[in-house]
Amino acid sequence: MRQRGPRGVIAPRPRARRAAVGAAIGVAGALSAAALGSAAITVLVARAVIVPPSRRTEDVRILRVDATRRLITLSVTPDSVLPGVYSFWFDQDAGNARVGEIVAQTATTVTRRLLGVEFGDLGEARVGRFNGWFYLTPGDLDVPFEDVAIATPLGDAPAWRIPADSARPSTRWMIGVHGRAVRRSEVLRAVPVFRETGYDSLIVSYRNDGEAPRSADYRYALGDREWIDVEAAMRYALSHGAEEIVLMGWSMGGATVLQALTRSLYGDRVTGVVLESPVVDWIATLDFQVTLRRLPPAVRYPVLAMFRSRWGGILTGLAEPLDLQRMDFVRRARELDTPILLLHSDDDGFVPSTASRALAVARPDIVTFVPFEVARHTKLWNYQPERWEGAIRDWLAALPSSERTT
């Protein structure tokens, strides 16, 4: 006969009680596993953003190389079918080739002109990746240049100094800052237009980029500390004859340049800023990446919290928290007073153009926004070099300069 509990309530049978307890434990276990899984994803996402990559994602299959006809056939990806000229890296960056126009395309394959193989055995390679930085050294531009060392707080960082195309030394300098997970060669595409308009170019490296000295934590700070190395480059330029500086940043280099502009002791010597596919607001960029990778929305806040807090450094390896609000220049738009040229493709695919557009709307008095389409991330020059160079040339011509008035 079933036992009655207090006030006549029938108590559950022991077997039913055990089943209920087991179910509760099962639910708790599932929730715990889900929580642990979400936490693991959060850590992986955070580390993927700030840890310099040791391997590259090679997502383009090499289907055929016709050395006689100088053609290469590749699998179709968003990058492999972009019109224009590009670098093609293979064998985990042990090889490099240059590819040109598309000559044939099907639903699954694309055949392009093979402009040359710089190094490596392309015939034996099976996969590779596209990249926008077309020139590898200033020698590819056939211009005079000098290897120099920039004294940064972490040690000497290599840089290229490329003089203007003029008979006399220039007092106007462009300092070029590359993006995340690439090297200073990325910026060489900008050198010709700056040379012809009378600017010396200083193409710099910065901490943790594979050329400059590493920081103790060996982590990207998303511009929040890299700017210190750009300030060192500004100091170098000013001590070697520069009177006016234009800062140019690509992708994360854009975020770094904006930090240098607003935090450096030499910010008042900057007469203009050029941003190509830039990170203007890191929170917007991280949100975009979470959505793009179809990650759980719940990942967003913990990732941001890890970057912002000291406890997050235990999991990410960051030596110091990152100030993401300080890197939001849509919110800080009213603090800016330097002319800015913004070049961004609306189908960037990595850094959304929304923040760039928002900054242009907030400060139409100082921001010139030139939108692109199709060109994707940091490949605007590769896709439309004449339009890209023309935009920079026209903007520089309108930039106030003491050199033009003397």
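For the single chain, residues carry numbers from 1 onward in sequence order.
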Steps toward salt bridge (Lys or Arg N to Asp or Glu O under 4.0 Å) verdict (E58, R129): CA-CA 5 Å; E58 296 182 327; R129 64 184 180 92; 5.5 Å; no
For [X] and [Y], which heavy atoms make the closest approach, and how far apart are they?
X: V143; Y: R195; value: CG1-NH1, 3.4 Å
X: V374; Y: L82; value: O-CD2, 2.9 Å
X: F145; Y: P163; value: CA-CD, 4.4 Å
X: V204; Y: A159; value: CA-CB, 4.0 Å

Under 3.5 Å, is there a donor-acceptor pair between the [X] and [Y] side chains?
X: T77; Y: D79; answer: no
X: S251; Y: H377; answer: yes
X: W282; Y: D328; answer: no
X: E211; Y: S205; answer: no
X: D348; Y: S353; answer: no
X: D59; Y: T57; answer: no

Between [X] and [Y], is there a side-chain N and carboxylate O pair less than 4.0 Å apart?
X: R161; Y: D147; answer: no
X: R183; Y: D209; answer: no
X: E231; Y: R263; answer: no
X: R172; Y: D200; answer: no

Parallel, tilted or perpendicular: which fits the ring planes of W173 and H240, with parallel below 30° and perpendicular above 60°?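 Tilted, since the angle between the ring planes falls between 30° and 60°.
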Taking the inter-plane angle between the rings of W388 and W250 on a 0 to 90° scale, is it parallel (under 30°), tilted (30 to 60°) or perpendicular (over 60°)?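 Tilted: the ring planes of W388 and W250 meet at 30° to 60°.
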Is the distance between the ring centroids of F372 and W381 under 6.0 Å?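 Centroid distance W381-F372: not below 6.0 Å, so no.
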How about W133 and W89: are their ring centres within less than 6.0 Å of each other?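 Yes: the rings meet the under 6.0 Å criterion.
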Could you walk me through whether R363 and D337 pass the salt bridge (Lys or Arg N to Asp or Glu O under 4.0 Å) check? CA-CA 9 Å; R363 293 303 306 272; D337 58 7; over 6 Å; no
Answer yes or no for R98 and F88: cation-pi contact, defined as NZ/CZ to six-membered ring centre under 6.0 Å and angle to ring axis within 45°.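 No.
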Is R269 positioned over the aromatic face of Y266, cation under 6.0 angstrom from the ring centre and no more than 45 degrees off axis?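 Negative - R269 is either too far from the ring of Y266 or too far off its axis.
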Determine whether R308 and D323 satisfy the following criterion, salt bridge (Lys or Arg N to Asp or Glu O under 4.0 Å), listing intermediate values before the conclusion. CA-CA 6 Å; R308 289 167 166 161; D323 189 338; over 6 Å; no
R55 atom CZ, neighbour heavy-atom count above 12 within 6.0 Å: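 No.
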For D347 and R376: C-alpha separation, side-chain torsions, deciding distance, then whether salt bridge (Lys or Arg N to Asp or Glu O under 4.0 Å) applies. CA-CA 5 Å; D347 67 339; R376 292 178 61 77; 5.5 Å; no
Let me know which of T378, N382, V182 forms a side chain to side chain contact (heavy atoms under 4.5 Å, CB included) with N131.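 Checked T378, N382, V182 against N131; only one passes side chain to side chain contact (heavy atoms under 4.5 Å, CB included): V182.
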